[in-house]
Amino acid sequence: MGAGVSAGTAHSRMGGDAVVVVAPLSASLAGFSRAGGSRHRREDSRDWSAEAAAGGTDGGDEAQGGHISTEARINERIRSPEVRLVGPKGEQIGIVSVNDALKLAQEADLDLVEVAPTARPPVCKLMDYGKFKYESAVKARESRKNQTQTVVKEIKLRPKIDPHDYGTKKGHVERFLKAGDKVKVTIMFRGREQSRPELGFRLLQRLASDVEELGFVESQPKQDGRNMIMVIGPHRKKSETKAHTAGQGQNRPVPSPRAAAAAAPRPAASEPAADGAAVSGPA
């Protein structure tokens, strides 16, 4: 080979013979190939992202974490070939094929609802699914209405509180306990007051004795850093308080219109007329 070798070649000397290895592509072609390959990879990644977003890739639901439905499967959505069928009144029909169960549902003008999907075979019931959903929503709303949320109110005091301020704070505690809420009483110590925790303890005992008719000490006084905390719970729960208040409003006597008219004072007779005849007031 000649001494002049173009770029892109390599020299190797084996056994005294010169071996010339030519690169498969020139530097410019290699650069073009790399640029084209990266462009194709970007386009492929974009296509894959679009397919994944549309749910068109393999296992798209699993890759995207598909929506999990909490509603029961009904009618043709039931996948099991056999089901344990329960009648509309709770009677046990037995294990039948899903097609026969759908025929029975159509004849009775009802829906076939999968009530126990984890059973083997799954349990299905004949019912009016729209009516069932409405009644379930009403029951859930009623249960939320009857639930009572425990609320803890907080009152903060100082060991050397003024008597007037103490009376105000005690009134707040009584109002909270009457409403059925718990009260967290916090004594705040500042400066040298931290060396006299007995002052806060006596103040908490005094407050507990003043409101003992409405509440009891649920958590005894305990030191928490610079503060001393005590929790007072009401004797009556909030739900009982609401029921008692509503009962008092309903038991209040309402006078009848006839009794109210009879109890009303009658107007006095008017002065005699010019002809000497007295004109009485309205009966």
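Source: prediction; values computed, not measured.
- At a threshold of 4.5 Å between non-hydrogen side-chain atoms, the residues Leu203 and Val185 do not count as touching.
- Rounded to the nearest 0.5 angstrom, Ile187 CD1 and Asp224 CG are separated by 13.0 Å.
- Side-chain contact between Arg144 and Arg141 is present, with at least one heavy-atom pair separated by less than 4.5 Å.
- How far CE of Met127 is from CG of Asp111: 9.0 Å, rounded to the nearest 0.5 Å.
- The environment of Arg77 atom CZ is sparse: at most 12 non-hydrogen atoms of other residues, nucleotides or ligands sit within 6.0 angstrom.
- Side chain of Asp128 to main chain of Leu110: no donor-acceptor pair is present (N/O by atom type, distance under 3.5 Å, no hydrogens or angles).
- Residue pairs meeting the ring pair (Phe, Tyr, Trp, His ring centres under 6.0 Å) criterion with at least one member in residues 196-234, sequence neighbours excluded, are Phe216-His235.
- Smallest separation of non-hydrogen atoms from Pro122 and Glu114: CB-OE2, 3.4 Å.
- Under the 4.5 Å side-chain heavy-atom criterion for ILVMFWY residues, no single connected hydrophobic cluster contains both Ile74 and Leu104.
- At a threshold of 4.5 Å between non-hydrogen side-chain atoms, the residues Met230 and Ser219 do not count as touching.
- The distance from the CG atom of Leu214 to the CD1 atom of Ile232 is 10.0 Å, given to the nearest 0.5 Å.
- Between Arg158 and Glu193, at least one side-chain nitrogen of the basic residue sits less than 4.0 Å from a carboxylate oxygen of the acidic one, meeting the salt-bridge criterion.
- Under the 4.5 Å side-chain contact rule for hydrophobic residues, Val231 and Leu177 do not share a cluster.
- The hydrophobic clustering, which links ILVMFWY residues whose side-chain heavy atoms are closer than 4.5 Å, places Leu204 and Val217 together.
- The distance from the CD1 atom of Ile155 to the CG atom of Leu207 is 9.0 Å, given to the nearest 0.5 Å.
- Contact check for Leu157 versus Met188: no side-chain heavy atoms found under the 4.5 Å cut-off.
- The hydrophobic clustering, which links ILVMFWY residues whose side-chain heavy atoms are closer than 4.5 Å, places Leu102 and Phe132 apart.
- In this structure, the side chains of Asp210 and Tyr166 come closer than 4.5 Å at one or more pairs of heavy atoms.
- Within a 6.0 Å radius of CZ in Arg79, other residues, nucleotides and ligands contribute 12 heavy atoms or fewer.
- For CD of Glu91, the number of neighbouring non-hydrogen atoms (other residues, nucleotides, ligands) closer than 6.0 Å is greater than 12.
- Within a 6.0 Å sphere centred on CG of Asp162, heavy atoms belonging to other residues, nucleotides or ligands number more than 12.
- A distance of 5.5 Å separates CG of Asp181 from NZ of Lys153, quoted to the nearest 0.5 Å.
- Scanning all heavy atoms of the two residues, the minimum distance from Gln223 to Pro197 falls at OE1-CB, 4.1 Å.
- Of the inter-residue distances, the one linking Glu107 atom CD with Leu126 atom CG reads 10.5 Å to the nearest 0.5 angstrom.
- Closest approach of Val123 to Ala119, counting heavy atoms only: CG2-CB, 4.1 Å.
- Counted within 6.0 Å of OH on Tyr129, heavy atoms from surrounding residues, nucleotides or ligands total more than 12; the atom is thus considered enclosed.
- Taking the charged nitrogens against the carboxylate oxygens, Arg196 and Glu198 do have a contact shorter than 4.0 Å, which makes a salt bridge.
- Residues Val83 and Val96 are in side-chain contact: their nearest non-hydrogen atoms beyond the backbone lie under 4.5 Å apart.
- Looking at every heavy atom in both residues, Cys124 comes nearest to Ile78 through SG-CD1, 3.8 Å.
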